Asker: 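There's a structure below that I have some questions on.
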Amino acid sequence: MAAHRRSAHRKPKQRPLTGSAARTAATLALAGAATAGSVTGAGAAPAEPAPTATQVRAKVDRLYHDAEVATEKYNGAKEAAATATRAVDALADEAARRTARLNTARHALGSLATAQYRSGTLDPAVQLALSSDPDAYLQRASYLDRAGDRQNGLLRGIRRQVSQITRVKARADQETERLAARRAELRDHRTAIRTKLADARKLLDTLTADERAAYESAADARHGGGPSHADRSVGRAPAVAPGSRAAQAIAFAHGAIGKPYVWGATGPDAFDCSGLTQAAWKAAGVSLPRTTYTQINAGTRIPRSRLAPGDLVFFYSGISHVGLYIGGGQMIHAPRPGAPVRIAPVDEMPFAGATRVA
């Protein structure tokens, strides 16, 4: 019985295919493999080739330039927001002063009304002026003609104050709207800067250590880098009259050499390009606007052939970069993220113009 059970569970032995049966099976297997391969490849797009190190470097340079353009727009929006904030604050102060004057006039009219009430001669115009609804008062201002000389003057003063307060509040509303728009611009430009810098870092991370070192070395060379240019003593004596404003601005810029580039920064520990030139001339007692595209109009435009130490030099068609000329074809500038303030040749970037501040 046991032997019978074991034989009953034993799998039947498969015989190998021979002859025409074997050939048929092989043909079917090959056809199936071909079909599977065609189905798999039909939906797969060819992979894009990875960018070369040269392409990565070009893209990073472009992103840094775009980030600097966005930085100058951010600086302009920040300055406009500050101006709008000051305007809103000033209008709020003006509204408060005018409201105080209105309350004083109403108090004087109230005193007069009290006296009239006691004598039984309270004028209807006075009653209206003391109303909590100024609009109703203004609509019925014809009652002014029925008031006496003193009442007439008080009522006119109240009417004038109410009208002026209304105008001030309307202007405050407009400035508040402008402020909201400037703050929205700030957020947009801040986002653009951070995105572009993050994209640049991601691209740089795709390079090998040697490729990245080569990129940084080449970028330093383009922006005037190198050990000698990091030394604050290089070119220390400006070729301008000692004690002049240009000499003071150049001295400040020399003191900033080696400090980091940070977008939106105006010192004292970090700078962007226009922040450095603004701070340098501020040290010389001259107030410059905040952005490259406003600084270029802050003095007398001069040709490149007439450059003198202290002049502002601008680059790119969009006027997105600025440096402080120090003579000998050199300038001090804040180049880009990762590259500190340094001395560099003026001809390292597309020259766009120059301005003599003082």
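Fair warning: this is a prediction, and the values are worked out from it, not measured in the lab. One is the number of the first residue; the rest follow in order along the sequence.
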Asker: Indicate, with yes or no, if Met349 and Val69 share a hydrophobic cluster defined by side-chain heavy-atom contacts under 4.5 Å among Ile, Leu, Val, Met, Phe, Trp and Tyr.
Answerer: no
Asker: Nearest 0.5 Å, what's the OG1-CD distance between Thr266 and Gln278?
Answerer: 6.5 Å
Asker: Using atom types as modelled and distance alone, determine if a side-chain donor or acceptor of Lys259 lies under 3.5 Å from a backbone N or O of Pro268.
Answerer: yes
Asker: State whether the side chain of Ser217 and the backbone N or O of Ala213 hold a donor-acceptor pair below 3.5 Å, judged by distance alone.
Answerer: no
Asker: Does Phe314 form a side-chain contact (heavy atoms from CB on, under 4.5 Å) with Gln295? I'd like the steps, not just the answer.
Answerer: CA-CA 9 Å; Phe314 299 87; Gln295 287 183 7; 4.0 Å; yes
Asker: Indicate yes or no: does Arg171 engage Glu175 in a salt bridge with an N to O separation below 4.0 Å.
Answerer: no
Asker: With a 4.5 Å cut-off on side-chain heavy atoms, are Ile332 and His254 touching?
Answerer: yes
Asker: Quick test of your reading of the model: are Arg290 and Asp272 salt-bridged, counting only N-O distances below 4.0 Å?
Answerer: yes
Asker: Should Thr300 and Val357 count as side-chain neighbours, where that means a heavy-atom distance under 4.5 Å?
Answerer: no
Asker: Judged by modelled atom types alone, do Thr277 and Ser274 share a side-chain donor-acceptor pair under 3.5 Å?
Answerer: no
Asker: Carefully, step by step, assess His189 and Lys78 under the rule side-chain contact (heavy atoms from CB on, under 4.5 Å).
Answerer: CA-CA 10 Å; His189 295 316; Lys78 186 176 181 180; over 6 Å; no
Asker: Are Leu91 and Ile165 linked, directly or through intermediate hydrophobic residues, by side-chain heavy-atom contacts shorter than 4.5 Å (ILVMFWY only)?
Answerer: no
Asker: Treating Ser320 as the side-chain partner and Tyr316 as the backbone partner, does any N or O pair qualify as donor plus acceptor under 3.5 Å?
Answerer: no
Asker: On a heavy-atom basis, which atom in Val346 and which in Phe315 lie closest, and how many Å separate them?
Answerer: O-CE2, 3.1 Å
Asker: Of Glu216, Glu348, Glu68, which meets salt bridge (Lys or Arg N to Asp or Glu O under 4.0 Å) against Arg336?
Answerer: Glu216
Asker: If the plane angle is over 60° it's perpendicular, under 30° parallel, otherwise tilted; pick one for Tyr74 and Trp263.
Answerer: perpendicular
Asker: Is there side-chain contact between Ile302 and Asp311, with at least one heavy-atom pair below 4.5 Å?
Answerer: yes
Asker: Determine whether Leu204 and Ile193 fall in the same hydrophobic cluster, where Ile, Leu, Val, Met, Phe, Trp and Tyr are linked whenever their side-chain heavy atoms lie under 4.5 Å apart.
Answerer: yes
Asker: Which atom pair, heavy atoms only, marks the closest approach of Ala265 to Ala270?
Answerer: CB-O, 3.4 Å
Asker: Are Leu312 and Tyr325 close enough, and set up right, to give a side-chain contact (heavy atoms from CB on, under 4.5 Å), and what steps lead you there?
Answerer: CA-CA 6 Å; Leu312 301 179; Tyr325 188 67; over 6 Å; no
Asker: Out of Thr71, Asn75, Ile296, Val322, which residue meets the side-chain contact (heavy atoms from CB on, under 4.5 Å) rule with Thr291?
Answerer: Asn75
Asker: List the atom of Phe252, the atom of Ala280, and the distance in Å for their closest heavy-atom pair.
Answerer: CD2-CA, 3.4 Å
Asker: Under 6.0 Å from the CZ atom of Arg183, do we count more than 12 heavy atoms belonging to anything else shown?
Answerer: no
Asker: CD of Gln330 to CZ of Arg342: how many Å apart, nearest 0.5 Å?
Answerer: 12.5 Å
Asker: Where is the tightest heavy-atom contact between Ala256 and Leu276, given as atom of each residue plus distance?
Answerer: CB-CD1, 3.8 Å
Asker: With a 4.5 Å heavy-atom cut-off, do Leu324 and His333 have their side chains touching?
Answerer: no
Asker: Going only through I, L, V, M, F, W and Y residues with side-chain contacts under 4.5 Å, is there a path from Val286 to Phe271?
Answerer: yes
Asker: Hey, are the side chains of Asp89 and Arg86 touching, using non-hydrogen atoms and a 4.5 Å cut-off?
Answerer: no
Asker: Kindly compute the distance separating CD1 (Ile250) from OG (Ser244), expressed to the nearest 0.5 Å.
Answerer: 7.5 Å
Asker: Quick one, Leu179 and Thr85 - any side-chain contact, counting heavy atoms below 4.5 Å?
Answerer: yes
Asker: Atom CZ of Arg62 and atom CZ of Arg57: how far apart are they, to the nearest 0.5 Å?
Answerer: 13.5 Å
Asker: Under 3.5 Å, is there a donor-acceptor pair between the side chain of Asp61 and the main chain of Ala58?
Answerer: no
Asker: Do Arg212 and Asp205 meet the salt-bridge criterion of a basic N to acidic O distance under 4.0 Å?
Answerer: yes
Asker: side-chain contact (heavy atoms from CB on, under 4.5 Å), that's the test. Do Leu307 and Arg304 meet it? Break it down for me.
Answerer: CA-CA 5 Å; Leu307 280 176; Arg304 184 170 180 172; 4.0 Å; yes
Asker: Working to the nearest 0.5 Å, report the span between CZ of Arg182 and CD of Glu79.
Answerer: 12.0 Å
Asker: Contact between Thr191 and Thr195 at the side-chain level, heavy atoms closer than 4.5 Å - yes or no?
Answerer: yes
Asker: Ignoring hydrogens and geometry beyond distance, is a side-chain donor-acceptor pair present between Tyr215 and Asp210 at under 3.5 Å?
Answerer: no
Asker: Are the side chains of Asn103 and Gln161 in contact, using a 4.5 Å heavy-atom criterion?
Answerer: no
Asker: Atom CE in Met331, atom CD1 in Ile343: separation rounded to 0.5 Å?
Answerer: 11.0 Å
Asker: If Ile, Leu, Val, Met, Phe, Trp and Tyr residues are connected whenever their side-chain heavy atoms lie under 4.5 Å apart, and connections chain through other members, are Val168 and Val88 in the same group?
Answerer: no
Asker: When you look at Thr166 and Ser163, which way does the side chain to side chain donor-acceptor pair (under 3.5 Å) test go after all the steps?
Answerer: CA-CA 5 Å; Thr166 300; Ser163 297; over 6 Å; no
